[in-house]
Structures are given as structure tokens and as C-alpha cells.
Q: 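Take a look at this one; I'll ask things after.
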Amino acid sequence: EQQSFFCNDIANDPIMAPWRDRALERGYRSAMALPLMMHGAAIGSISIYAAEEGFFNPEEIELLTHVTEDISYALESIDNERIRLEKENELRLKDIVFETSLSANIIAGADGNVLQVNQSALRLWGYLAPEEVARRALRSFILIPETAAAIAESVVRYGRWIGEYEAVRKDGSTFMAFAMVTQLRDVEGRFSGFQSSVIDVTERKRSEERIRLLTQALEQASVSVLITDEHGIIHYANLTATLTTGYPLEELVGMDTMEFSADPGNPDLQRMWETISAGNAWSGEFRNIRKGGVIYWASAVIGPIRGEN
């Protein structure tokens, strides 16, 4: 109950009945217990026993109560200092992560104006010093105003936004940005601003577009295109290849190209693989068998795909 307790007559006080015999065996005649408090909760107690009845008078009770309160205050002060140091270390670690992150990190207030940026953000947007972007509107880094408004609305309503937008550098050039914008709240849970982490994905988008165009070109090619591993097992086939061989795509992928050969013992095929394995291209003609057994002549150009090594 977080209250002090004292008993000046253990031998006769009914409240001491559960502990009376053991207390009397030890020679206790009076007892007092005072709670040790920390942050409003009892964390322990100080217990004092005396061999005399009526040992605890009002003055001693008041003195011991004050002593216990002083100890509680000291313990809470020590714990507050521990908490303060932990929070300082946590903030210091967050600052280190914020400042050294490879992503461009920006913190803005509830009004959307920039309060803090890291070096990656300055480099990405083409600024030299944090003072150049301080108090600038976060939306000014986004090319399309409607996009900026939609992002802000989403963050305020749902707590965060993840996606891509076209960003504007200091010199007016643009780049594709992938960003995560989250809502910041103060210790009382009130909305206090935005934190944005951004990376430049322009090259990735260009690579994706090149891959899309190459894939489209392969798919729409009027000649058969097969991609195999180093053992001749098919990993990719385009539509024309399925029409030429008579095999549907799900059957083609995983087949050995030697299964098409009408002349598996042809020494020219062995020389072809030796040429390709040596890192050189090969061109020539050979006889293949369609699904169903129809034999046809194929003119082919086969080249190696090189790995990073």
C-alpha cells in the first residue's frame, strides 16, 4: 500500500499474529517497516526491529520516515541520471546514424520547413551547407506540386508515405527519387513534423527501362532466341522459339538443347561447344527435330554470356 507500518507490541498486536512466534524467538518486541519509493512505485523497504516494547515514539517515526524519503529521493535521482544518460546516448547514436547515412535525410517541422539535413542530402540536392536549405519548404524539392501535396496529406493522415517522385536539385536538374516520409510526434504524442529519407534511383530506373526494352525486343524478335546455362540447359526462350521447335514455353525451359539435334553424334556440334566454351561466338547450320519428329535445318549464331569474372 506504499505506507509506513510500525508495531510497538509484537507480543499482543493482532496484526502481527502470522509472524509473532518467529519474531519473539528472535527477541523482537517492536518493529517498523518503511517503503522505498521510485517514480511513484514501491521498490523495496527498510525494516527496523527493537528488543523493547514501545520503542518507536512519534519523533523517531517522523525521523525515520524522513530518512527513508531522503533515500528514496536519492535512488530516484540516481535512476533519473541513468535515464538521462541513456536518452543522451540514444540521441547521440541517432544523430550519428542520421548524419552518416548514405540516404539523404531531412527533418522538417510541422509547417513543412526544413530543420535539419545530413551531408548526403546536401550532396544529392547540390547544396554546400545546411544553412542554404534551412527553413526551405520540403515541398520545394519535389518537381510536381500536386505530388508534394499528396505526400504531405498521406503522411499526416496515415503516418508515412513510401514511393517515387521526380525531385529538383539546386541547379534545376531533376532526378528520380525513392523516398520514405514518416510522421514525427513529440513526447505528448502530438504531430511535430516530417522525416524524409531519399535515395537517387535514376540509374536504376534507366536500367529497368533498358531491360524492359531488351526484353521486349527479344520477345518480339522474328528469330528464335534461346538463353542457356553453360551446360546447354534452356533458361529463356522467346515466342518464335516456341513456334519453331513446336514446344510450349513451359516445356522448353529446362530442356537440354541437344534434345533438338537430329545428328547428336555430329562432330561439328562438339566443335561448336568447344568454341563457345572458349569464349568465342559460333555460327553455322545444323539439323534439328521439332516436337512431333519433323526435321528441319537451322542457321544459328551462338555466343557466350560472360559473368563478372
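Since the model is a prediction, treat every value here as computed from it, not as a measurement. Keep in mind that the numbers below use all heavy atoms, side chains included, and drop hydrogens, waters and symmetry copies.
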Q: Can you see whether Thr174 engages Glu166 through a side-chain donor-acceptor pair at a distance of less than 3.5 angstrom?
A: yes
Q: What is the distance from atom OG of Ser4 to atom CD of Glu62, rounded to the nearest 0.5 Å?
A: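 Output value for this atom pair is 11.5 Å.
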Q: Less than 3.5 Å apart, any donor N or O on the side chain of Asn105 or Ser197 sitting next to an acceptor on the other?
A: yes
Q: Is it true that a side-chain atom of Arg29 and a backbone atom of Asn8 form a donor plus acceptor pair closer than 3.5 Å?
A: no
Q: Does some side-chain heavy atom of Phe175 sit less than 4.5 Å from a side-chain heavy atom of Trp125?
A: yes
Q: If we ignore hydrogens and angles and just use 3.5 Å, is the side chain of Asp263 paired with the main-chain N or O of Asn266 as donor and acceptor?
A: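 Not a single qualifying donor-acceptor pair exists.
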Q: Apply side-chain contact (heavy atoms from CB on, under 4.5 Å) to Arg290 and Tyr296, showing your working.
A: CA-CA 7 Å; Arg290 287 191 180 92; Tyr296 66 97; 3.4 Å; yes
Q: Would you find a donor on one side and an acceptor on the other, under 3.5 Å apart, between the side chain of Asp229 and the backbone of Ile233?
A: yes
Q: Do Phe260 and Tyr247 make a side-chain contact, defined as non-hydrogen atoms from C-beta onward lying under 4.5 Å apart?
A: yes
Q: Contact between Glu60 and Met32 at the side-chain level, heavy atoms closer than 4.5 Å - yes or no?
A: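 A side-chain contact is absent here, since even the closest heavy-atom pair is not under 4.5 Å.
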Q: Quick one: does any side-chain atom of Thr242 pair with a main-chain N or O of Leu239 as donor and acceptor, under 3.5 Å?
A: yes
Q: Does a sphere of radius 6.0 Å around CZ in Phe6 hold more than 12 heavy atoms from other residues, nucleotides or ligands, not counting ones at 6.0 Å or beyond?
A: no
Q: So, Phe194 versus Phe191, ring centres under 6.0 angstrom or not?
A: yes
Q: Are Arg26 and Tyr49 in a cation-pi setup, meaning NZ or CZ lies under 6.0 angstrom from the ring centre and within 45 degrees of the ring axis?
A: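 Ring-cation test returns no.
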Q: Could you check whether any side-chain N or O of Gln183 sits under 3.5 Å from a backbone N or O of Val156, counting only pairs where one atom can act as donor and the other as acceptor?
A: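 Indeed, once roles are kept as given, a pair shorter than 3.5 Å links the two residues.
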Q: Can Arg204 and Glu164 be counted as an ion pair, charged N to O under 4.0 angstrom?
A: yes
Q: Quick check: closest heavy atoms across Val181 and Ser196, and the distance to 0.1 Å?
A: CG2-OG, 3.8 Å
Q: Do Ser120 and Arg123 have side-chain atoms, one donor and one acceptor, less than 3.5 Å apart?
A: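 Ser120 vs Arg123: donor-acceptor pair found between side chains.
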Q: Salt bridge check: are Arg206 and Glu203 linked by an N-O gap of less than 4.0 Å?
A: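 A salt bridge is present here (some side-chain N lies under 4.0 Å from a carboxylate O).
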Q: Distance check, rounded to the nearest 0.5 Å: Asn238 atom CG versus Leu249 atom CG?
A: 9.5 Å
Q: So, for Pro35 and Thr68, which heavy atoms are closest and what is the spacing to 0.1 Å?
A: O-CG2, 3.1 Å
Q: For a side-chain contact (heavy atoms from CB on, under 4.5 Å) check, start with the C-alpha distance between Ile151 and Ile142, then their side-chain angles and the critical distance, and finish with the verdict.
A: CA-CA 10 Å; Ile151 292 172; Ile142 301 174; 3.9 Å; yes
Q: Surrounding CZ of Arg84 (heavy atoms of other residues, nucleotides or ligands, distance under 6.0 Å), is the total greater than 12?
A: yes
Q: Is there side-chain contact between Ser154 and Arg160, with heavy atoms separated by less than 4.5 Å?
A: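 Heavy-atom side-chain distance check fails, nothing below 4.5 Å.
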Q: Please check if Leu218 and Ile305 belong to a single hydrophobic cluster, counting links between Ile, Leu, Val, Met, Phe, Trp and Tyr side chain heavy atoms closer than 4.5 Å.
A: yes
Q: Quick check: closest heavy atoms across Thr240 and Ser222, and the distance to 0.1 Å?
A: CG2-O, 3.5 Å
Q: Are Leu75 and Leu64 in one and the same hydrophobic cluster, where Ile, Leu, Val, Met, Phe, Trp and Tyr link if side-chain heavy atoms are under 4.5 Å apart?
A: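 Yes, one cluster joins them.
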Q: Ala241 and Thr245: which non-hydrogen atoms are nearest, and at how many Å?
A: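 Of all heavy-atom pairs spanning Ala241 and Thr245, the closest is O-OG1, 2.8 Å.
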Q: With a 4.5 Å cut-off on side-chain heavy atoms, are Leu85 and Arg82 touching?
A: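 Side chain of Arg82 against side chain of Leu85, heavy atoms only: no contact under 4.5 Å found.
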Q: Using a 3.5 Å distance criterion without hydrogens, assess whether the side chain of Asp256 forms a donor-acceptor pair with backbone atoms of Glu259.
A: no
Q: Test of understanding: clusters of I, L, V, M, F, W, Y form through side-chain heavy atoms closer than 4.5 Å, transitively. Do Ile227 and Ile276 belong to the same one?
A: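 No, because Ile227 and Ile276 fall into different hydrophobic clusters, even though each may have its own neighbours under 4.5 Å.
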Q: Do NZ/NE/NH1/NH2 and the carboxylate oxygens of Glu209 and Arg212 come within less than 4.0 Å?
A: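 Salt bridge: yes.
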Q: With distance as the sole test, does Glu132 use its side chain to make a donor-acceptor pair with the main-chain N or O of Leu128 at under 3.5 Å?
A: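 Yes; at least one donor-acceptor contact below 3.5 Å.
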Q: Start with the C-alpha gap between Arg20 and Leu24, add the side-chain angles, then the distance that decides, and say whether side-chain contact (heavy atoms from CB on, under 4.5 Å) holds.
A: CA-CA 6 Å; Arg20 179 178 294 119; Leu24 294 176; 3.6 Å; yes
Q: Calculate, to the nearest 0.5 Å, the distance between atoms CG and CG belonging to Leu184 and Leu115 respectively.
A: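 CG of Leu115 is found 9.0 Å from CG of Leu184.
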Q: Does NZ or CZ of Arg136 come closer than 6.0 Å to the centre of the six-membered ring of Phe141, within 45° of the ring's axis?
A: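 Yes, a cation-pi geometry holds between Arg136 and Phe141.
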Q: Assess the residue pair Arg22 and Glu25 against the criterion (salt bridge (Lys or Arg N to Asp or Glu O under 4.0 Å)); give the C-alpha distance rounded to whole Å, side-chain angles, the decisive distance to 0.1 Å, and a yes or no.
A: CA-CA 5 Å; Arg22 295 176 65 183; Glu25 285 175 7; over 6 Å; no
Q: Are Glu69 and Leu36 close enough, and set up right, to give a side-chain contact (heavy atoms from CB on, under 4.5 Å), and what steps lead you there?
A: CA-CA 7 Å; Glu69 289 173 350; Leu36 290 172; over 6 Å; no
Q: Within this structure, what is the CD1-OH distance for the pair Ile78 and Tyr73, rounded to the nearest 0.5 Å?
A: 11.5 Å
Q: What are the two closest non-hydrogen atoms of Cys7 and Met16, and how far apart are they?
A: SG-CG, 3.6 Å
Q: Taking the side chain as every heavy atom from C-beta outward, state whether Leu226 and Tyr236 have any pair of such atoms under 4.5 Å apart.
A: no
Q: Between CZ of Arg210 and CG of Leu214, what distance do you get to the nearest 0.5 Å?
A: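 Result: 8.5 Å between the selected atoms.
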Q: Measuring only between side-chain heavy atoms, which start at C-beta, is Val253 closer than 4.5 Å to His235?
A: no
Q: Supply the atom-to-atom distance Ile234 CD1 to Leu252 CG, rounded to the nearest 0.5 angstrom.
A: 5.0 Å
Q: Are Met180 and Tyr165 grouped together when hydrophobic residues (ILVMFWY) are joined by side-chain heavy atoms under 4.5 angstrom apart?
A: no
Q: Side chain of Arg139, backbone of Gly112: donor and acceptor closer than 3.5 Å?
A: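 No, Arg139 side chain to Gly112 backbone: no donor-acceptor pair under 3.5 Å.
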Q: Answer with yes or no whether the side chains of Asp200 and Thr202 bring together a donor and an acceptor at under 3.5 Å.
A: yes
Q: Evaluate the side-chain proximity of Thr228 to Thr257: yes if any heavy-atom separation is below 4.5 Å, no if none is.
A: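 Side-chain contact under 4.5 Å: yes.
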Q: Compute whether any side-chain donor of one residue and acceptor of the other, for Ser224 and Thr244, lie under 3.5 angstrom apart.
A: yes
Q: Is Phe178 reachable from Met176 through a run of hydrophobic residues whose side-chain heavy atoms are each under 4.5 Å from the next?
A: yes
Q: Taking all non-hydrogen atoms of both residues into account, name the closest pair between Ala177 and Val198 and its distance.
A: CB-CG1, 3.5 Å
Q: Would you find a donor on one side and an acceptor on the other, under 3.5 Å apart, between the side chain of Asn80 and the backbone of Glu76?
A: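 At least one qualifying donor-acceptor pair exists.
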Q: Short question: side chain of Ser173, backbone of Arg169 - any donor-acceptor pair under 3.5 Å?
A: no
